[in-house]
> 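Sharing a structure below in structure tokens format, with a few things to ask.
Per chain, numbering begins at 1; letters A, B, ... match sequence-line order. Quick caveat, the model's predicted, so the values are computed rather than measured.
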Number of protein chains: 4
Amino acid sequence: MPNSAKRRKPIRGRPRDKDADARILKTALRLVERTGFRSVSMEAIAAEAHVARTTIYRRWPNKATVIMDAFLAEVGPGIAFPELPSALESLRIQMKLLARAFRGRPGLLIRSLLAEAQFDPELKRAFRERWIMKRRAAAQVVIKAGILAGELPAATDPDVLLDALYGGLYYRLLMGTGSLSDAYVEAVWRTVLRSSRLKGELGRPMGSVKR
Amino acid sequence: MPNSAKRRKPIRGRPRDKDADARILKTALRLVERTGFRSVSMEAIAAEAHVARTTIYRRWPNKATVIMDAFLAEVGPGIAFPELPSALESLRIQMKLLARAFRGRPGLLIRSLLAEAQFDPELKRAFRERWIMKRRAAAQVVIKAGILAGELPAATDPDVLLDALYGGLYYRLLMGTGSLSDAYVEAVWRTVLRSSRLKGELGRPMGSVKR
Amino acid sequence: MPNSAKRRKPIRGRPRDKDADARILKTALRLVERTGFRSVSMEAIAAEAHVARTTIYRRWPNKATVIMDAFLAEVGPGIAFPELPSALESLRIQMKLLARAFRGRPGLLIRSLLAEAQFDPELKRAFRERWIMKRRAAAQVVIKAGILAGELPAATDPDVLLDALYGGLYYRLLMGTGSLSDAYVEAVWRTVLRSSRLKGELGRPMGSVKR
Amino acid sequence: MPNSAKRRKPIRGRPRDKDADARILKTALRLVERTGFRSVSMEAIAAEAHVARTTIYRRWPNKATVIMDAFLAEVGPGIAFPELPSALESLRIQMKLLARAFRGRPGLLIRSLLAEAQFDPELKRAFRERWIMKRRAAAQVVIKAGILAGELPAATDPDVLLDALYGGLYYRLLMGTGSLSDAYVEAVWRTVLRSSRLKGELGRPMGSVKR
DNA sequence: ACCTAAGCGAGACGGTACGTCTGGTCTTGGC
DNA sequence: GCCAAGACCAGACGTACCGTCTCGCTTAGGT
């Protein structure tokens, strides 16, 4: 989201160099991966993207925002909830997608951005709204569908359920206390959404937790 | 954990100024609270603790470590698991204690340290070992007692259970997506440890949770 | 002297906005007076003259030249040598006019331009030719008339005499070492052109002054 | 005049690197001569003096002051009034020394500093007090001695006389309207201090000014 | 009534230097 | 041997201008 969003009517004037945008974001990602968020400097990005430093500042207010955009451009459309007959199944699969992303470059970026956000309220807001809430909103839809479909108890609090499911992933991402494997996702899933909840009809091996 | 450990025999010479340590840590806390982790500089700490900057560097390798020590000195002994007949009850109460701490100064410090740790492997290790793992170890003991007492299914994976319980708290602390109230703790509790489970009647078939 | 001179045949096309020129020069003067030469930016001039920055650059090569033109437009015709029976009297009166100008806005402009010219050979040339030499040429005529009329010794070197007379004014303008009052002009006058001289009785032995 | 003057008692602490001072000033001069005042940057000075940029800023507030000090260090003691039996002769000789300096590197520096001073009141004050007034004060002493010795009329106003004598030199230095040769100095001398003034007794062809 | 070319407003761009800030190291003299 | 004081190196920061460049609109005169 380069600053362009603010200019509603860029009617005249030299047109913005669109390529530069992509070049900058790509360079930013490359550098973060290569040397880490902290040691990436605007100067370095500018140099490697063949762009003047001022040009970057003209479009983004600071390094964090650049990398935030780079991150969203990379993973934005990647981790969605697949459309499946079973809402729960959709959730479970998406969790694995997310875990996989956490294991790769996006994981590094999320860690960095979330960390940086703790020192930069503006970035925090942006991260929350443009990454976290986007996904949560989609998840809420899925959960509500699951409730309607009887896959989840009517009393389920989506917010709390999401925290319980995803909290652990972020926790491990940040603390490094354990792997982010698919197996871990399954374990969380079993722990939080026990078959009981699934109304027993497919819970066989897990023991039926009827309600 | 000032470097003092290294000096085995301070046989001669000017004795170390013991007060300085406490003064520095107290000042560090005060400043973090007042202006935030980032904008606290060693210079500022030194000035306000009436100590030379070099003295701080002689005892701690960098700012993060100073604040880490300051944090531990403040909250270290504060948030423990109360000894109660019921292991689960002990867990629940401790969660509320932690939530309360998150709402106050310790919350700010944990956020800052955890964030900074993302850019500093050494700090990350220290934070994990001196804060996270200490608490988890204690929690594991409680959980195992709970299992023995039949309050929790035998197949319970303590790691996963802890992630599910506490993950949400850290998640909210960092994201700011929701309150950290006692009510929230209760909601998490209900979601993850449903009463059904507390009765143990269906814990059996869950199988072992890897990782 | 806007660049217009270069365009020989503006046969067709949108006609040049004549008002803009005056508006720009007037704005430039206003801004220099208000904030000083250095802190005036092309941007500011453009904005306050309701003109695009490019328009200014289309007509003048740089800030200094704009202000040079503004200066000449303002004071160009103002400080001339009055036509009087006595050449010396004409000189003396003009010196006072100049001193008066030095005390006001033109003084500020001359200081700025002369200063800037030290870093910009092109401007230096322009300043010398369009301001300094114009006035000196006129002065030379007056002096030669004075010689012919017997008011000045035949051997008088006009260049040196002018430097001696006007040098002090510029000196004080730039150094701020003293007032630029009429009284000062009189003092210079008495010092350099003592009555003795005006009577010619000891002009003889001076010989020709080289250079 | 590096900032050191302000620190009355630098009792303790790492001692200032004295060599660095000289290295910086020498480098500054070299660069001014090589590329001109304007295009010298702090960065360049720092690099070529093998010093951190911050070190320069710690000692001088800005580029102009550095170069001012460099200038004074170079020419400060160079252009003095020789002690001679005749005050006038001393003046005349010093004028020639100054003219010679104007023709060389000091001339370039004076031009630059005087120009820059027009945009920087602080520098202006410094230039006036540390260069101009120093010399004027010495000159005043000489002139007064000249008056006492009867070489100059009792009514001579030293300030005005100095302006008339030196004004032309500065004028030419800044305007580039003529040479700064010794011959020019002689011409100014003859014009301003005509034999008439010398009480007429030795006016022939200017010849010997015995006292 | 169109065509066409120059003037213009708007604004993005590359570039340069600025002066500030902080981190972390090093060097002295005093206690 | 510890300490206070403070100079030092290093390097990123974000800002301010400069002068250039590209657009697309406007405005006539030529046809």
> Should D:Glu48 and D:Lys26 be marked as a salt bridge (Lys or Arg N to Asp or Glu O under 4.0 Å) after you check the CA-CA gap, both sets of side-chain angles, and the distance that decides it?
CA-CA 10 Å; D:Glu48 204 162 315; D:Lys26 240 176 59 187; over 6 Å; no
> What is the separation between atom CZ on A:Arg14 and atom C1' on E:dG11, rounded to the nearest whole Å?
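After rounding, the reported distance stands at 9 Å.
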> Can you classify the ring geometry of D:Phe127 versus D:Phe71 as parallel (below 30°), tilted (30 to 60°) or perpendicular (above 60°)?
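Judged by the thresholds at 30° and 60°, the geometry between D:Phe127 and D:Phe71 is parallel.
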> Tell me: CZ of D:Arg59 to P of F:dG6, nearest whole Å?
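Whole-Å distance recorded here is 15 Å.
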> Rounding to a whole Å, what distance do you find between A:Ile56:CD1 and E:dA12:P?
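To the nearest whole Å, that distance equals 16 Å.
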> From CH2 of A:Trp60 over to P of E:dA12, roughly how many Å is that when rounded to an integer?
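Atom CH2 in A:Trp60 sits about 13 Å away from atom P in E:dA12.
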> F:dC3 C1' sits how many Å from B:His50 NE2, rounded?
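Roughly 16 Å, once rounded to whole Å.
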> Heavy-atom distance under 4.5 Å between the side chains of A:Arg38 and A:Glu116, does that happen here?
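Yes, side chains in contact.
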> State whether the side chain of B:Arg23 and the backbone N or O of B:Ala49 hold a donor-acceptor pair below 3.5 Å, judged by distance alone.
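Here the side-chain-to-backbone pair exists.
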> For nucleotides 14-18 of chain F, which of its nitrogen or oxygen atoms have a protein nitrogen or oxygen under 3.5 Å away, and what is each distance?
from: F:dG14; atom 1: OP2; to: A:Tyr57; atom 2: OH; distance (Å): 2.7
from: F:dG14; atom 1: N7; to: A:Arg53; atom 2: NH1; distance (Å): 3.1
from: F:dG14; atom 1: O6; to: A:Arg53; atom 2: NH2; distance (Å): 3.1
from: F:dC18; atom 1: OP2; to: C:Met42; atom 2: N; distance (Å): 3.0

> Ignoring backbone atoms, establish whether C:Thr55 has a side-chain N or O less than 4.0 Å from OP1 or OP2 of E:dC8.
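No.
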> Between C1' on F:dA5 and CZ on D:Arg16, what's the gap in Å once rounded to a whole number?
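My rounded result for the distance is 14 Å.
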> In whole angstrom, what separates A:Lys18's NZ from F:dT22's P?
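So the NZ-P distance, A:Lys18 to F:dT22, works out to 19 Å.
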> Could you work out, with side-chain contact (heavy atoms from CB on, under 4.5 Å) as the rule, every residue matching A:Ser112, not counting sequence neighbours?
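Partners of A:Ser112 by the side-chain contact (heavy atoms from CB on, under 4.5 Å) criterion, ordered by chain and then number, come out as A:Phe37, A:Leu108, B:Phe119.
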> Between P on E:dC18 and CD on D:Glu116, what's the gap in Å once rounded to a whole number?
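Distance, rounded to whole Å: 11 Å.
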